[in-house]
Amino acid sequence: MTPTGKFSYLDELNDVQRQAVEATEGPVLVVAGPGSGKTRVLTYRIAHLLEKGAAPWDVLTLTFTNKAAREMKERIEKVVGPKANKVWAGTFHSTFARILRVEAEKIGYPSNFTIYDTEDSKSLLRTIVKEMNLDKNAYNINTVRSRISSAKSNLITPKLYVDNEELRSQDRMAKMPHVATIYGKYTARCKRSGAMDFDDLLYRLYELLQSNPDGVLDKYRKKFKYLLVDEFQDTNQLQYAIVRKLVNYDQSPRNICVVGDDAQSIYAFRGATIQNILDFEADFKPHGIRVFKLEQNYRSTDHIVQAANEVITYNRRQIQKKIWSDKGDGQRVKIIKAMTDAEEGRRVADTVLEQKNRYHLRNSDIAVLYRTNSQSRIFEEYLRRYNVHYQVFGGLSFYQRKEVKDLIAYLRLVVNPRDEEALRRVINFPKRGIGNTTIEKIGEIAASQGISFWEALPMAPASARAKKSIADFIQMIKGAALKIETANAFELAAYIAKRSGLADFLKNDTSIEGMGRLENFNALLDGINAFVEEDTVIDTETIPDKSLATYLQNIALLTDFDVKNADGEYVTLMSVHAAKGLEFKSIFVVGMEEKLFPSFMSMDTVEGLDEERRLFYVAITRAEQFLTLSYANSRYRFGQMRYNEPSRFLAEIPMNHVESTHAIPSSDRVENMATSAKVSGSFKRRTSANGPNSGFMTDPKTFKPSPNEKIQAGMKVLHLKFGEGKVLSIDGGQGNRVATIFFQKIDNPQRRIMLKFAKLQILD
DNA sequence: GTTGGTATCTGTGGA
DNA sequence: AGATACCAAC
């Protein structure tokens, strides 16, 4: 079949891709390896739907980032023209917020509800923990928040939480038995404040569809005739439950297509579960699901692809697939070892320069990826020193800066005075003589009467001066709220900036940082002005509504990515998580050390390690041509020098894909241990308690050594002392063969063993 | 209520 | 090291 005429875009697809695009009716699962043209399939599929006569507004595409949604729309537009803009394509959060905006009142929320960001949530939780007189050290706010978040992501309401013995006993073991109560109070407080947190945007939509007031469920089932979900491996139970509500019912055509890669699932901490992919297959099996596997990688050269393939085999469960590339062998993986984090920074920057010169790479071809955002500093330092332009993504986004959040809090308050977190933030900033005692009293009144903080404000038993301040504050907010119908968002913001004293406060701070803050503050005002003046594309939509409420609702879901200018020539610095879906000619994955990558937080469980390994898989598969991994023997953390061993992931890359001038990490380590022990007396040698000398890992009675000639790379073998291992590679001539073997259970897992002396039993 | 100094704590990822 | 929480003195 040779597609002709207007279907010519089909020519740009390989066989499997085309089948996935053309299977428009009924349930479809696309398992897409890295660089396999996943986005191309999704966009062409939508284009194909439109060409075949579907109306743009019949199609709903859910992504995880605004960037992905935006990209998709742009690419659809290239194929089908401007009607692409009428397709519903957005993030789960923004799309659901948009629907909730319309339907909120059906579930007891105002349509101008506030969206609480993580800081707001944590601040509210802190208040609740305090009010309940609980020990805030026992109730770590991040832990509490994530418990509540994952409860919501698993469809567990406060009521269900109370009755859930498993969760309750986990809480008791963690010495925080009152999480259930906190969860209940938190939910009530959000509702009373007319606020939804990020999880609520999903949960409340589910609740809406579930309770189905005024046949609202049917309305959306009819509206979205085709549903597509990107990065399905990163959905949580709640998201999948919503998807099922929308498409999986009697008489439904079940036109749903989900695209994902189990090997790239890296958001389990956010409640995502690979189980969703497996469930999807089972749930739609009775309805003729079709599964397509995209296995050809168009992004990377072979050494990189094979290294990635090999690394991921160390994970337990996975959907079988073999990613391959026909782009030639390309360069081997380069490994940089450094003594200190500073040396790592310098050598990475050196290599950046070298690659720019030798291979004529541009800054924008290069990215430095790290496990934690705090690692960015040292690379910034050296790149700046070398005069290489760079851009850091992640970390504090523009909208999270204090000066920006302060003004936004005022604006939030004008739109929704019940917004307690906004109110608490600005009631005494700039200072107007309303202190903690007064604020606490107001909180108590609100709690005892079951009213919002705002409504309790005038009842505050305070000094005459404080009362006057409060009255004035109320007046200011009410005054601004009155203008909401007549003034546009910018006029209101400018008014509040002046009237609140914020603008003056910032102008009076002449320090360097203070000037920076003023700049940000003004940039925010400019941004609001631009929103009013132009057809600003904020999310993926051209927003027709210029109200302050619309503005606030949109920026609440923006991240750093969406603000930074995407053009320009700079080296990209970002976390591995943030790099998902991106590609660069040259990738540096830095900080390849035990306890950092894999993170110490994830090291004690197999599931945790598997997720870290998938994260590493994502990192290395971002590279098209050059992949450099680096680690440092020591680095500063919390003002203290810490020593780490090279990451176990390094040892999982077979030697034949690694640049040979670099010795393997485990043998490096022996040298480095010796030198650093001399240099620094405090260096702690690993105790051998569970190391190789602590005795046999294998029962000598059942151990049957195999003939050494039979040992080959890739085999699983058993060693008397070291236990089970995997032969990574074999080198050396006949009679002198040396095997590099990875033994999972020992401290320095990668070992070089002379086969003529070794006793090894082949396991498979 | 506000200010400024000191103790304490933090140890991943992000919509 | 850097942010935040807490506390004593104004």
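Labels below follow one simple rule: chain letters A, B, ... track the order of the sequence lines, proteins then strands, and each chain is numbered from 1.
Remark: Phe584(A) engages no residue in a ring-ring contact (aromatic ring centres under 6.0 Å, His included) (not counting sequence neighbours). Every residue was checked against the ring-ring contact (aromatic ring centres under 6.0 Å, His included) condition with Tyr203(A), not counting sequence neighbours, and none meets it.
The interatomic distance linking Ile442(A) (CD1) with dG1(B) (C1') rounds to 14 Å, in whole Å. Atom C1' of nucleotide dG4(B) and atom NZ of Lys431(A) are separated by 12 Å, given to the nearest angstrom. One can place CG of Leu369(A) at 15 Å from C1' of dT12(B), the figure rounded to the nearest angstrom. Residue Arg371(A) contributes atom CZ, which lies 12 Å from atom C1' of dG14(B) at whole-angstrom precision. Rounded to whole Å, the distance from CZ on Arg126(A) to P on dT10(B) is 12 Å. In this structure, Lys122(A) atom NZ and dG14(B) atom P are separated by 13 Å, rounded to whole Å.
When distances run from any side-chain atom of Asn137(A) to the nucleotides dC9(B), dG2(C), dG14(B), the shortest one goes to dC9(B). Closest to the side chain of Asn140(A), from the set dG14(B), dT10(B), dG11(B), is dT10(B). Comparing dG1(B), dG14(B), dG11(B) by their closest approach to the side chain of Thr437(A) singles out dG1(B). Distance from the side chain of Arg637(A) is smallest to dG11(B) among dG1(B), dG11(B), dG14(B). The listed nucleotides are dG11(B), dG14(B), dC6(C); the one nearest the side chain of Lys136(A) is dC6(C). Of all nucleotides listed (dG1(B), dA15(B), dG13(B)), dA15(B) comes nearest to the side chain of Arg145(A).
Rounded to the nearest 0.5 angstrom, Arg412(A) CZ and Ser193(A) OG are separated by 10.0 Å.
At a threshold of 4.0 Å, the pair Glu380(A)-Arg377(A) does not count as salt-bridged, since none of the basic side-chain nitrogens sits closer than that to a carboxylate oxygen. Here Lys405(A) pairs with Asp117(A) in a salt bridge; the nearest charged N to carboxylate O distance falls below 4.0 Å.
Note on Asn428(A): only backbone sugar-phosphate atoms sit closer than 4.0 angstrom, heavy atoms only; bases stay farther off. When heavy atoms are screened at a 4.0 angstrom cut-off, Phe64(A) is found touching the sugar-phosphate backbone but no base atom. Note on Thr372(A): only backbone sugar-phosphate atoms sit closer than 4.0 angstrom, heavy atoms only; bases stay farther off. Among the protein residues, Tyr267(A) comes within range of the sugar-phosphate backbone only, with heavy atoms under 4.0 Å from sugar or phosphate atoms but none that close to a base. Across all strands shown, Asn373(A) has heavy atoms under 4.0 Å from sugar-phosphate atoms exclusively, and none from any base. Contact annotation for Arg635(A): no contact, since no heavy-atom pair falls under 4.0 Å across all strands.
Position along DNA chain B of the nearest nucleotide to Ala466(A) versus Glu611(A) favours Ala466(A) as the more 5'-ward residue. Between Ile439(A) and Ile266(A), the residue whose closest nucleotide on DNA chain B is further toward the 5' end is Ile439(A).
Look at Ser575(A) and you'll find a side-chain N or O under 4.0 angstrom from OP1 or OP2 of dG14(B).
The aromatic ring of Phe92(A) is not stacked on the base of dA15(B), since the criterion of ring centres less than 5.5 Å apart with planes inclined by under 30° is not met.
Seen from the ring of Phe113(A), Arg101(A) counts as a face-on cation partner, given the 6.0 Å and 45° thresholds.
Remark: the Ser94(A) side chain and the dA15(B) base include no donor-acceptor N/O pair separated by less than 3.5 Å.
Nearest heavy atom pair, residue Ile434(A) against residue Ile439(A), reads O-CD1, 3.9 Å. Scanning all heavy atoms of the two residues, the minimum distance from Asp200(A) to Ala195(A) falls at OD2-O, 4.3 Å.
Within residues 146-156 of chain A, no residue approaches DNA chain B, by heavy-atom distance under 4.0 Å.
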